[in-house]
Amino acid sequence: MKRLLILILVLALLLCGCSGAADAGTEPTQTTTQPRPVEVGICLPSQDDSYWSACAGYLQTGLEKLGLQTRLQYADEDVQRQVEQVETMIGDRISCLVIAAVDSVALAEPLGRAKAAGIPVVALDRPMMDTDGVSFCVSFDYQAIGVAMGQYIEESMALETAQQEQRTHTVEFFMGSADDHNAFLLHGGVLSVLGPYLDSGVLICPSGRVSFEDSSILRWDGEAAGDALRRYLELYYTTPEGMTVPQICCAASDELALGCQQALEGTTQSWPLITGQGYGAQALECIEAGTQAMTAVKDVQVLCHSTLQAVQFLLEGKTPAADTHQNNHVMDVPTKLCAFRVEQGAAPEKVQTETVPAT
């Protein structure tokens with residue numbers, strides 16, 4: 001019995017020794033977690049638009065200089081595609097999102113998930129409505145741009161003295177896209193100046209399309225604006241003596257202004273006063289040629305510089321400096337408004353000055 005116990009003890013000791021030797025010769029397994037790269041998602045409406053492609057260039061270059069990775073997506077003006085792009089980036093745990101929305105309200109649900117995931121979101125140029133998932137907005141003061149358009153029309157057509165001089169002027173409105181909150185703000189700015197003249201009869205809109213709902217052009221489409229003006233010319237400006245044209249085309253962007261110009265080519269010896277706003281050098285060429293009266297120029301470089309600053313602050317857990325707050329129906333979004341400048345033609349005689357006799 002003693003021999004059996006001794007044999008068992010010896011075997012146990014041998015097994016422990018073998019196990020210890022095996023453990024000693026094996027490297028311990030270590031689980032290391034690589035830190036996630038800081039990646040900023042950029043979601044833009046369209047690559048074909050020079051305004052958005054310029055934004056993409058400035059933003060990517062600036063973010064890469066800050067040592068940040070970027071993921072750039074264009075939605076090709078497709079609302080659902082942009083929703084899917086944003087949802088994918090959120091699912092991939094992107095570090096920060098910069099979004100110029102195709103539709104101001106369509107991203108409300110995914111941005112709620114971005115907030116829950118702790119992903120900061122910067123609205124680029126266009127406010128995003130009906131959501132508390134926006135951290136900051138960088139834009140232009142579109143209401144002030146609308147006011148500038150209205151004031152230019154008021155001064156160029158001498159509207160303040162028109163009633164006592166028994167002058168009236170025809171006007172047609174071509175406002176921006178109904179799914180872009182900026183278009184609504186711009187229209188409000190325009191009517192804050194021109195509304196009293198419409199009420200008094202100094203300004204006459206033969207088509208009757210004055211309200212934002214009636215005058216908005218989806219996606220700021222210049223061709224659609226041109227088609228609308230052609231219809232107005234046929235329905236409201238054709239007389240037994242021939243075709244006349246509106247004296248004022250209040251266009252909310254340079255794209256819409258260009259559509260109006262194309263619709264008017266070959267129709268008249270005179271030319272209406274046409275407004276606009278945007279980024280392009282093309283509008284400045286039209287002003288030089290006398291086919292567009294004015295534009296409000298938005299500096300993309302300034303817009304993107306302020307956006308880069310906001311992204312950097314948010315990634316550091318800081319609050320970017322805001323000029324104002326814009327209510328999006330859910331929250332007051334801290335907002336940085338960039339400056340714009342008004343460019344206008346130097347030859348007011350190029351504007352059609354025929355008047356419609358007062359009734």
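Fair warning: this is a prediction, and the values are worked out from it, not measured in the lab.
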Should Ile119 and Met128 be counted in the same cluster of Ile, Leu, Val, Met, Phe, Trp and Tyr side chains packed under 4.5 Å apart?
yes
Non-hydrogen side-chain atoms of Leu191 and Leu198 separated by less than 4.5 Å
yes
Here the gap from Tyr152 atom OH to Gln344 atom CD, rounded to the nearest 0.5 Å, amounts to 5.0 Å
Val40/Ile94 under side-chain contact (heavy atoms from CB on, under 4.5 Å): CA gap, chis, key distance, verdict:
CA-CA 6 Å; Val40 178; Ile94 203 90; 5.9 Å; no
Regarding Ser253 and Gln277, do their side chains bring together a donor and an acceptor under 3.5 Å, going by distance alone?
no
Residue set satisfying salt bridge (Lys or Arg N to Asp or Glu O under 4.0 Å) with Glu109, at least two apart, ordered chain then number -> Arg113
Is the backbone of Gly176 close enough, under 3.5 Å, to the side chain of Trp220 for a donor and an acceptor to pair up by distance?
no
Working to the nearest 0.5 angstrom, can you tell me the gap between Leu111 CG and Glu87 CD?
10.0 Å
Show me the side-chain donor-acceptor pairs of residues 230-239 shorter than 3.5 Å, one per line, residues at least two apart or across chains.
from   : atom 1 : to     : atom 2 : distance (Å)
Arg230 : NH1    : Gly226 : O      : 3.3
Arg230 : NH1    : Asp227 : OD1    : 3.0
Tyr237 : OH     : Glu172 : OE2    : 2.7
Thr238 : OG1    : Leu233 : O      : 2.9
Thr238 : OG1    : Glu234 : O      : 3.3
Thr239 : OG1    : Glu241 : N      : 3.3
Thr239 : OG1    : Glu241 : OE1    : 3.4
Thr239 : OG1    : Gly242 : N      : 3.3
Thr239 : OG1    : Gly242 : O      : 2.7

Please report the closest heavy-atom contact between Ala101 and Gln82, naming both atoms and the distance.
CA-OE1, 3.4 Å
Has the side chain of Glu165 got a donor or acceptor atom that lies under 3.5 Å from a matching backbone atom of Arg167?
no
Flag side-chain contact, heavy atom, 4.5 Å: Asn327 against His329:
yes
Please check this pair: side chain of Ser200 against backbone of Tyr197, looking for a donor-acceptor N/O pair closer than 3.5 Å.
yes
Can you find a heavy atom in the side chain of Gln143 that is under 4.5 Å from one in the side chain of Ser192?
no
Interatomic distance, CG@Leu44 vs CZ@Arg126, rounded to 0.5 Å, equals 10.0 Å
Does any part of the side chain of Thr170, heavy atoms only, come nearer than 4.5 Å to the side chain of Ile248, both counted from C-beta?
no
Please report the closest heavy-atom contact between Cys260 and Cys249, naming both atoms and the distance.
SG-CB, 4.4 Å
Taking all non-hydrogen atoms of both residues, which atom of Asp78 and which atom of Arg81 are closest, and how far apart?
OD1-N, 3.0 Å
More than 12 non-hydrogen atoms from neighbouring residues, nucleotides or ligands closer than 6.0 Å to CD on Glu223, yes or no?
no
Residue list, side-chain hydrogen bond (donor to acceptor under 3.5 Å, both in side chains) with Asp179, at least two apart or on another chain
Ser177, Arg219
Here the salt bridge (Lys or Arg N to Asp or Glu O under 4.0 Å) pairs for residues 246-265, sequence neighbours left out, are none
Heavy-atom donor-acceptor pair, Glu154 side chain to Glu160 backbone, under 3.5 Å:
no
Using the rule that two of Ile, Leu, Val, Met, Phe, Trp, Tyr join whenever any of their side-chain heavy atoms come within less than 4.5 Å, decide whether Val121 and Ile42 are in one cluster.
no
Salt bridge (Lys or Arg N to Asp or Glu O under 4.0 Å) filter on Lys115, not counting sequence neighbours, yields Asp132
Under a single-linkage definition using a 4.5 Å side-chain heavy-atom cutoff for Ile, Leu, Val, Met, Phe, Trp and Tyr, are Leu218 and Phe184 assigned to the same hydrophobic cluster?
no
Indicate yes or no: at least one non-hydrogen side-chain atom of Tyr58 is less than 4.5 angstrom from one of His305.
no
Counting C-beta onward and ignoring hydrogens, is there a side-chain heavy-atom pair between Lys318 and Gln312 closer than 4.5 Å?
no
I need the Thr319 OG1 to Phe313 CZ distance, nearest 0.5 Å.
9.0 Å
Which atoms form the tightest heavy-atom contact between Ser306 and Val138, and what is the distance?
CB-CG1, 3.7 Å
If Ile, Leu, Val, Met, Phe, Trp and Tyr residues are connected whenever their side-chain heavy atoms lie under 4.5 Å apart, and connections chain through other members, are Leu256 and Phe173 in the same group?
no
Out of curiosity, Leu315 CG to Cys96 SG, how far, rounded to the nearest 0.5 Å?
5.0 Å
Taking all non-hydrogen atoms of both residues into account, name the closest pair between Ser46 and Trp52 and its distance.
O-CB, 3.2 Å
Neighbour count >12 (heavy atoms, 6.0 Å) for atom CD, Gln309:
yes
May I ask you to test the Leu203-Thr168 pair for a side-chain heavy-atom distance under 4.5 Å?
no
Sorted by chain and number, sequence neighbours left out, side-chain hydrogen bond (donor to acceptor under 3.5 Å, both in side chains) with Asp125 holds for Tyr51, Tyr142
Sub-3.5 Å donor-acceptor pair from the side chain of His187 to the main-chain atoms of Val210, do we have one?
yes
Please determine whether side-chain contact (heavy atoms from CB on, under 4.5 Å) holds for the pair Cys55 and Leu303, giving the CA-CA distance in whole Å, both sets of side-chain angles, and the decisive distance to 0.1 Å.
CA-CA 8 Å; Cys55 283; Leu303 178 76; 4.0 Å; yes
Please determine whether the number of non-hydrogen atoms from other residues, nucleotides or ligands lying under 6.0 Å from atom CD of Gln163 exceeds 12.
no
Rounded to the nearest 0.5 Å, what separates atom NE2 in His181 from atom CG in Asn328?
8.5 Å
May I have the step-by-step check of side-chain contact (heavy atoms from CB on, under 4.5 Å) for Leu284 and Glu343, ending in yes or no?
CA-CA 8 Å; Leu284 300 179; Glu343 294 284 347; 3.8 Å; yes
Stepwise side-chain contact (heavy atoms from CB on, under 4.5 Å) test for Thr70 and Leu72
CA-CA 6 Å; Thr70 61; Leu72 173 63; 5.7 Å; no
Flag, side chain of Thr291 to backbone of Cys286, donor-acceptor distance under 3.5 Å:
yes
Taking the side chain as every heavy atom from C-beta outward, state whether Leu229 and Phe174 have any atom pair closer than 4.5 Å.
yes
Examine distances only and state if a side-chain atom of Ser207 and a backbone atom of Arg209 form a donor-acceptor pair shorter than 3.5 Å.
yes
Work out which heavy atom in Val86 is nearest to a heavy atom in Cys43; give both atom names and the distance.
CG2-SG, 3.9 Å
Arg71 bridged to Asp92 by N-O distance under 4.0 Å:
yes
Shared hydrophobic cluster for Leu68 and Ile99 (ILVMFWY, side-chain gaps under 4.5 Å)
no
